[in-house]
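Worksheet: one structure, shown below.
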Amino acid sequence: MKRYRRGLELLLVAVAAILVFLACSRVSPGTEDDGSDGGATIAPSVTPAEVTPTAELTPDPTATPTPRNTPTPVDDFVPPVKKGSKYADVDGQKGTLNERDYFRTAPGRNQRRIYRLEYRTKVVILNTVKSEFNEIWYKVAIVIDGQTEYGYVQASSVDLGTTPTPTPAKTGPTNIGQGDTTLRHGPDRDGDGIYVVTLDPGHGGAFTGAAHYGSIEKNMNLAVAIACKEYLEENYENVVVYLTRSGDQSIDPVSDVDDLEQRVHVADDYQSDIMVSLHFDADGGKYRGAEGLVPKGELNAKSMALSSLILQNLEKLGINNLGNRKRRSERSRYSYPDGEYMDGYLINRLAAEKGIVNCIIEHAQMDNESDFNDFCSTPEKLKKLGIADAIGIATYLDLKKK
Ligand SMILES: [Zn+2]
């Protein structure tokens, strides 16, 4: 009996020990992942504890990343480009923008921009005011998305609407600018009866210009220039055409700025009557078309007439005509003593200072797929551009056909 009781006591102790053991293993961290295997629970270095965290550390590709704060500096904020479609319904003289420009809260190029207005935006002039630099500005009304809005644009950016007088049937050559033939170039500069044209194929050598779809701008510019020169000299009398470069080299190999300066020196040395710089634009691929860049100041009207004639001939090939633009330097150190800003484009400014009527032609947007394929992709297409330039130049100079 005594032996029996003792055996029972041992059994109870054993059962208790097992219960304690089981209770302990249930709290142990490995248990839940590992199911019922007690051995695995005791050995902490076994797989489950390692596999799980690895999965957690790998970033979930479907998770949305935390958005980063990219604050827009207030001064640089320009709302999306919107186009004034029709004249605002208010009284005042009508005008259209002769270049892309900004619509501002107050007169002055240092004033806040409200919208960037596209070339040919229609405005109604409500008032003429002066900026702090004595520039003439207009308070205007424009239509943006059907709403009339008020603001300021610089007067020189606005062509005044002409009163709708019946146009007499003209048999003469193509209209220049507003149809004003006095804008046509007068007697040639050195009075020898021969017009001198300097064509300036942009970039060259180490300065490649833009490069897209396997083409390099410097080569395209040269191809257009050569075609233009050949067409002018073969088809018209009393014209001589020089190129600032006839091969793949820069004019000044060291600095881009000096290079531009040298190009104008070349044109001036030849006593050029006009200078046309030939380029292709690449503005992010959004736009399509050709654009003329012209100087401000005294030579603006003539240069714009020249540029417009070239653009009109490019338009005949199907190229979108983006019109002319004169870029002002927005930095005050580039302003004239009267506060008027100088030309932003060095070629425009330096050639105008030499008295040379000039423009820069951006023939098409070479980073826009359809512009590139339609107008830039083969030597034949580039030649057509050069011929269009030549016809525009010949019309401007009123050259006689051979
Ligand atoms: Zn260029």
Side-chain angles (χ1 to χ4, degrees), residues 75 77-168 175-183 289 291-305 307-308 311-312 320-328 330 335-336 338-341 343-344:
D75 287 344
F77 175 74
V78 180
V81 181
K82 297 184 177 185
K83 200 164 185 168
S85 52
K86 59 183 175 72
Y87 288 114
D89 190 18
V90 290
D91 288 335
Q93 189 169 9
K94 291 173 177 174
T96 47
L97 253 65
N98 58 33
E99 60 176 332
R100 270 187 235 157
D101 203 356
Y102 289 101
F103 185 60
R104 294 174 193 266
T105 53
R109 301 199 67 81
N110 50 347
Q111 300 296 329
R112 188 163 144 64
R113 302 157 172 182
I114 311 172
Y115 296 112
R116 189 179 78 169
L117 301 179
E118 287 299 310
Y119 167 59
R120 286 176 179 156
T121 298
K122 293 171 167 26
V123 300
V124 177
I125 297 159
L126 306 170
N127 213 346
T128 304
V129 290
K130 279 192 170 184
S131 72
E132 60 174 312
F133 296 117
N134 267 337
E135 297 160 328
I136 299 171
W137 283 67
Y138 293 138
K139 181 176 187 184
V140 299
I142 57 168
V143 176
I144 293 281
D145 285 351
Q147 300 270 328
T148 300
E149 295 196 21
Y150 300 89
Y152 294 82
V153 291
Q154 189 159 8
S156 59
S157 300
V158 181
D159 283 339
L160 300 181
T162 43
T163 38
T165 43
T167 349
N175 278 357
I176 295 176
Q178 309 295 317
D180 183 356
T181 47
T182 60
L183 292 177
E291 187 173 44
L293 308 171
V294 295
K296 296 144 44 89
E298 263 179 56
L299 291 184
N300 172 260
K302 284 186 172 186
S303 298
M304 208 138 90
S307 182
S308 302
L311 292 176
Q312 283 165 24
N320 187 28
N321 184 348
L322 291 169
N324 293 303
R325 188 150 60 99
K326 45 185 192 294
R327 195 184 81 177
R328 303 170 191 88
E330 301 230 354
S335 56
Y336 295 110
D338 65 355
E340 176 75 9
Y341 289 100
D343 282 301

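When a residue number appears, it is its place in the shown sequence, counting from 1.
- Between Leu293 and Asn324 the shortest side-chain heavy-atom distance does not fall below 4.5 Å.
- For the side chain to side chain contact (heavy atoms under 4.5 Å, CB included) test, residues two or more places apart in sequence or in another chain that qualify with Gln111 are Arg104, Thr105, Ala106.
- Atom OH of Tyr102 and atom OG of Ser157 lie 12.0 Å apart (nearest 0.5 Å).
- Side chain of Ser303 to backbone of Leu299: a donor-acceptor contact under 3.5 angstrom is found.
- Tested against Tyr150, the residues Val140, Leu126, Val124, Ile142 include a single side chain to side chain contact (heavy atoms under 4.5 Å, CB included) partner, Leu126.
- Scanning for side chain to side chain donor-acceptor pair (under 3.5 Å) contacts around Asn321 gives Glu315, with sequence neighbours left out.
- Atom-to-atom distance recorded for Lys139:NZ and Ile125:CD1 is 13.5 Å, nearest 0.5 angstrom.
- Val123 has its side chain out of reach of Tyr138: every pair of non-hydrogen atoms, C-beta onward, lies at least 4.5 Å apart.
- Contact between Leu311 and Gly292 at its shortest, heavy atoms only, is CD1-N, 3.8 Å.
- Between the side chain of Asn300 and the backbone N or O of Pro295 there is at least one donor-acceptor pair closer than 3.5 Å.
- The structure places CG of Leu97 at 11.0 Å from NZ of Lys122, a figure rounded to the nearest 0.5 Å.
- Heavy-atom minimum distance, Pro107 versus Ser131: O-CB, 3.9 Å.
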